[in-house]
There are 2 protein chains.
Amino acid sequence: MDKKGDFELENFLPFLLNQAAEESSLAFQRVYKSRYGLLRTDWRVLFHLGIHGRMTAKEIGQRSKIHKTKISRAVQRLAERRFLTRTRDERDRRSEHLELTPAGEAVYRDLRGIAEEYDAKLSAQFTRGENALLRVMLRRLAGMG
Amino acid sequence: MDKKGDFELENFLPFLLNQAAEESSLAFQRVYKSRYGLLRTDWRVLFHLGIHGRMTAKEIGQRSKIHKTKISRAVQRLAERRFLTRTRDERDRRSEHLELTPAGEAVYRDLRGIAEEYDAKLSAQFTRGENALLRVMLRRLAGMG
DNA sequence: GGGTAATAGTTGTTTTTGTAACTAACAACA
DNA sequence: TGTTGTTAGTTACAAAAACAACTATTACCC
């Protein structure tokens, strides 16, 4: 049926990973977008702070590999909505410490619960071993291995 | 070390998939971008035509799940650069058949070779069985299962 | 100390994307 | 035929991302 060769886009890992990433992000995206008006970078930053507590924009960047301009703007949006506070480091006045406000914590807890549920639902289609292996492989591919 | 709970962003599938997708796309992206000035949607459309031969924008959309406006614009760019030709279907004059020009074919063959090589390199870190399982799982997650 | 380089984060400008509304062609059917 | 609905693809405008240049502060080192 297909014209030439045996190359299949559907087996090309970068393509397949992108499709899986997009599809699996959709349902979760709808929640943080419609419920809190957050952008993708927003919830990621929020989660980093929710998980690790106070950190600087730089530290978030190191962990997430999100570009600093995206982080800067996400922090602005989150600060405007009083989801986090920024306090200058007095030892190094270039950087500032970011920390969730109670309101930010509440959003984090809510989204985190949804994330856990959603992750469980995705994982339910596979066995325990398959899930473990998948994560190992993805971490390796992500350069987090 | 971490402040609260045991939730780990690094295990959340949508996050992990995105990181893996981005990281694994980087090297290939550099090639099609720097060598041919193509965008992500451009090479995908190009590959669909390279693999399946003549098809309409709609058919590409059905297979790839790329939105029709993105396809429309990619087709425009590819047509401008004479990588493909558009011919109206005389039976249904709303749609047109897209087909790679020899120049487009050449680009496709080049990129396809690079894609195959690159995919092989990525796959080399895993066993045969692991690779097979990974693709099955990703296809399922991508809704292509 | 003074000059140069590095770092944290921000801002401005250009590309790309997302969304919705649109055109043109066809279909269905009274 | 005419009316209404659908489909293929495009265009316009708003939202977001990418990239480069910028400010402010600290570090290095002669």
Side-chain angles (χ1 to χ4, degrees), chain A residues 18-19 21-23 25-30 32-34 36-46 48-49 54-81 84-99, chain B residues 18-19 21-23 25-26 29-30 32-34 36-46 48-49 54-81 84-99:
Chain A
N18 266 294
Q19 297 280 122
E22 259 171 53
E23 181 66 29
S25 297
L26 255 180
F28 186 59
Q29 180 185 23
R30 269 193 291 273
Y32 65 68
K33 200 170 176 181
S34 71
Y36 297 109
L38 296 178
L39 261 33
R40 203 165 64 117
T41 310
D42 296 347
W43 81 258
R44 287 195 182 189
V45 167
L46 189 88
H48 275 278
L49 293 173
R54 142 189 292 225
M55 37 191 325
T56 66
K58 187 197 175 189
E59 288 165 341
I60 296 177
Q62 289 169 333
R63 280 193 188 259
S64 63
K65 288 172 189 162
I66 303 172
H67 194 271
K68 60 180 181 175
T69 64
K70 274 162 88 175
I71 295 176
S72 171
R73 280 167 173 145
V75 167
Q76 282 177 20
R77 286 186 292 265
L78 293 170
E80 262 169 34
R81 307 185 51 188
L84 60 76
T85 59
R86 346 170 68 166
T87 35
R88 279 238 110 58
D89 181 337
E90 284 308 327
R91 281 188 207 74
D92 182 346
R93 301 183 38 73
R94 286 171 303 183
S95 72
E96 53 187 13
H97 299 282
L98 308 171
E99 199 163 15
Chain B
N18 266 294
Q19 296 280 123
E22 261 172 51
E23 182 65 30
S25 297
L26 256 179
Q29 181 184 24
R30 268 193 292 273
Y32 65 68
K33 201 169 176 182
S34 71
Y36 298 110
L38 296 178
L39 261 33
R40 205 165 61 117
T41 310
D42 297 346
W43 81 257
R44 288 194 182 187
V45 168
L46 189 88
H48 276 279
L49 293 172
R54 143 191 290 227
M55 40 193 322
T56 66
K58 188 198 175 188
E59 288 165 342
I60 296 177
Q62 289 169 333
R63 281 193 187 259
S64 62
K65 288 173 189 162
I66 302 172
H67 194 271
K68 60 180 181 174
T69 63
K70 274 164 89 175
I71 295 175
S72 171
R73 281 164 176 148
V75 167
Q76 281 178 21
R77 286 186 293 265
L78 292 170
E80 262 170 34
R81 308 184 50 188
L84 60 77
T85 59
R86 345 170 69 164
T87 38
R88 278 232 118 41
D89 181 336
E90 285 307 328
R91 282 188 208 74
D92 182 347
R93 300 184 40 73
R94 287 171 303 182
S95 71
E96 53 188 12
H97 298 282
L98 308 170
E99 199 163 16

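Note on naming: letters A, B, ... go to the chains in the order of the sequence lines (proteins, then strands), and numbering restarts at 1 for each one.
Taking the salt bridge (charged side-chain N to carboxylate O under 4.0 Å, His left out) definition, one finds that Glu23(A) meets it with nothing, sequence neighbours left out. The salt bridge (charged side-chain N to carboxylate O under 4.0 Å, His left out) test applied to Arg81(B) returns no partner, not counting sequence neighbours. By the salt bridge (charged side-chain N to carboxylate O under 4.0 Å, His left out) test, Asp89(B) is found to be paired with no residue, residues two or more places apart in sequence or in another chain being considered. Legend: residues meeting salt bridge (charged side-chain N to carboxylate O under 4.0 Å, His left out) with Glu80(B), ordered by chain and number and at least two apart, are absent.
At the phosphate of dT10(D), OP1 or OP2 sits under 4.0 Å from a side-chain N or O atom of Arg86(B).
For DNA chain C, the span of nucleotides reached by chain A at under 4.0 Å from its heavy atoms goes, 5' to 3', from dA6(C) to dT19(C).
Distance CG (Asp89(A)) to P (dT26(D)): 9 Å, rounded to an integer number of Å. Atom pair His67(B):NE2 and dA15(D):C1' shows a separation of 15 Å (rounding to whole Å applied). As rounded to whole Å, 12 Å separates atom P of dA18(D) from atom CG of Leu39(B).
DNA chain D lies under 4.0 Å from at least one heavy atom of each of the following residues of residues 68-75 of chain B: Lys68(B), Thr69(B), Ser72(B), Arg73(B).
The closest donor-acceptor contact from the side chain of Arg54(B) to the backbone of Glu99(B) lies at 3.5 Å or more, if one exists at all.
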### Message
Evaluate Leu84(A) against Leu46(A) for side chain to side chain contact (heavy atoms under 4.5 Å, CB included), listing each step before the verdict.
### Response
CA-CA 8 Å; Leu84(A) 60 76; Leu46(A) 189 88; over 6 Å; no
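Judged by closest nucleotide on DNA chain C, Lys33(B) is the one of Lys33(A) and Lys33(B) placed further toward the 5' end.
Residue contacts for Arg91(B): at a heavy-atom cut-off of 4.0 Å it reaches the sugar-phosphate backbone alone, with no base atom in range.
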